[in-house]
Amino acid sequence: MIKAVKFGGSSLADASQFKKVYEIIKSDPDRKYVVPSAPGKRDSEDIKVTDLLYKCYGEAKVGADFTDTLAVIKKRYDDIISELGLDLSLDSEFETIKNKLKTVTDADYAASRGEYLNGIVLAAYLGYEFLDAASVIKFDKHGAFLDEETNAKLSKTLKDMETAVIPGFYGSMPDGSIKTFSRGGSDITGSILARAIHADVYENWTDVSGFKAADPRIVDGAKTIDIITYKELRELSYMGASVLHESAIFPVRKEGIPINIRNTNDPEADGTLIVESTLHVPEHTLTGIAGKKGFAAVSIDKDMMNSEIGFGRKVLEVFEKNGLSFEHMPSGIDTMTVFVSMEDFISKEHQVIAQLHQAVSPDTIELEANLSLIAVVGRGMKNGIGIASRVFSALAEAGISIKMLYQGSSELSIIIGIDDKYFEDAIRAIYKKFFTD
Ligand code: ASP
């Protein structure tokens, strides 16, 4: 077995967390290749090192004094190093960072130093080799990630390394400058690593024991999902985003490598396994329920719309021209509704309406605000009978009216549109019907 392991910021927030990480890695000889995040929050009031680095950059950019902020960051690392009793000094690294920040013109270099330094500390603590991500994770000159080039380079480099700590979150562009992924991007680095070493599993260690079937802030005691497919997770992306970076599934997906979400603070728990496909029969019809508030619905009505060729394309072109991505687009015989984020739409509503009139001459256009979309997801729904009716009855019993309902032909999910004010109640009602009744 060979495992790629990634530890998030809260797992490496201070020396006591480092000790837990050490135990986890050393308890299994298959855990030879490790990706760390930068130190995260030690408590809810704390500031992540990455955020402090962005602050430093902001100060440096306007010519303000950033040395106090940098000193706060240095102290975080120095405390970890001294509490772990390591024979290591980051003084010269911080000198380099300070000098570079005086002239640096981009935020990515600054932000990446959190992972870079944490990688050095973790490698020293574990007695593993350190591999700077800048030398193996590659982006093109426009900042697009080069997956094949990176994969070839990384797997070749790691062939000669028995162990390695590779900092997450960043890589480099052809001119050598640093480029980061979007926030939370160490998850992507972990996935890239797993692919490069043909790992049997990508263990992603965080501070929760996997995905819950519903947001635990809404559903008290929501159960943990033991197995979920990549596709189900995509459907539940509203929920997954806070646990795993959306793009982290793509590299491992190419190789069919499962991702195991594990909890550094509860290493005995199995967590959630994300797989390509499984014969494992789910205990419940649904795998999970997730949703998001804050959508607007743009309903376009026109008699005989269904026979007008190109109608949908022309409508969507208007949204495209205005830089608006749509979330869902249910349609009827003479009507088509486009769901968009309210926040993005509201400043452009008048121009979009005017352009829709020009493009397709509709009879009417109606807008509806403050809508939520809820995804009810489960591979167990396939060929099941009466599932939509159970969703309906759950909502009816809770006195919630459904504004929109959509079931994909893959029978993996049902999407429901409701009023924002019923969001929490709707999730609770559906959860109760499928998981506890
Ligand atoms: N440290 C980076 C962030 O805070 C990347 C990561 O933790 O994955 O976004």
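First listed ligand is number 1; within each ligand, the first listed atom is number 1.
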Problem set entry | Close approach of H245 to ligand 1, heavy atoms, under 4.0 angstrom | no
Problem set entry | Cationic tip of K3 above Y33 ring, under 6.0 Å, 45° of axis | no
For this session: Considering only NZ, NE, NH1 and NH2 on the basic side and carboxylate oxygens on the acidic side, decide whether K75 and D79 come within less than 4.0 Å.
Result: yes
Exercise. Polar-atom distance check: F169 versus ligand 1, any N or O pair below 3.5 Å?
Worked result: no
Exercise. What do you reckon, does D187 have a nitrogen or oxygen under 3.5 Å from a nitrogen or oxygen of ligand 1?
Worked result: no
Problem set entry | Min side-chain heavy-atom separation I300-V315 under 4.5 Å | yes
Exercise. Counting from 1, what ligand 1 atoms have a heavy atom of K48 closer than 4.0 Å?
Worked result: 3 (C), 4 (O)
For this session: Could you check which of S186, A38, G9, A248 puts a non-hydrogen atom nearest to atom 6 (C) of ligand 1?
Result: S186
For this session: Answer yes or no: is there an ion pair linking K432 with D437, defined by an N-O contact shorter than 4.0 Å?
Result: yes
For this session: Can you pull out the closest protein heavy atom to atom 7 (O) of ligand 1? Residue, atom name and distance to 0.1 Å, please.
Result: S37 OG, 3.2 Å
Exercise. Any non-hydrogen atom of G168 lying under 4.0 Å from ligand 1?
Worked result: no
For this session: Say whether K138 and S172, considering side chains only, have a donor N or O and an acceptor N or O under 3.5 Å apart.
Result: yes
Seminar exercise, completed: the protein heavy atom lying closest to atom 2 (C) of ligand 1 turns out to be E115 OE2, 3.4 Å
Exercise. Would Y116 and E93 count as having a side-chain donor-acceptor pair, cut-off 3.5 Å?
Worked result: yes
For this session: Tell me, please: is G184 in heavy-atom contact with ligand 1, that is, under 4.0 Å?
Result: yes
For this session: May I ask you to check if ligand 1 and R183 share an N or O to N or O distance below 3.5 Å?
Result: yes
Exercise. Honestly, is R113 close enough over Y170, meaning NZ or CZ under 6.0 Å from the six-membered ring centre and within 45° of the axis?
Worked result: yes
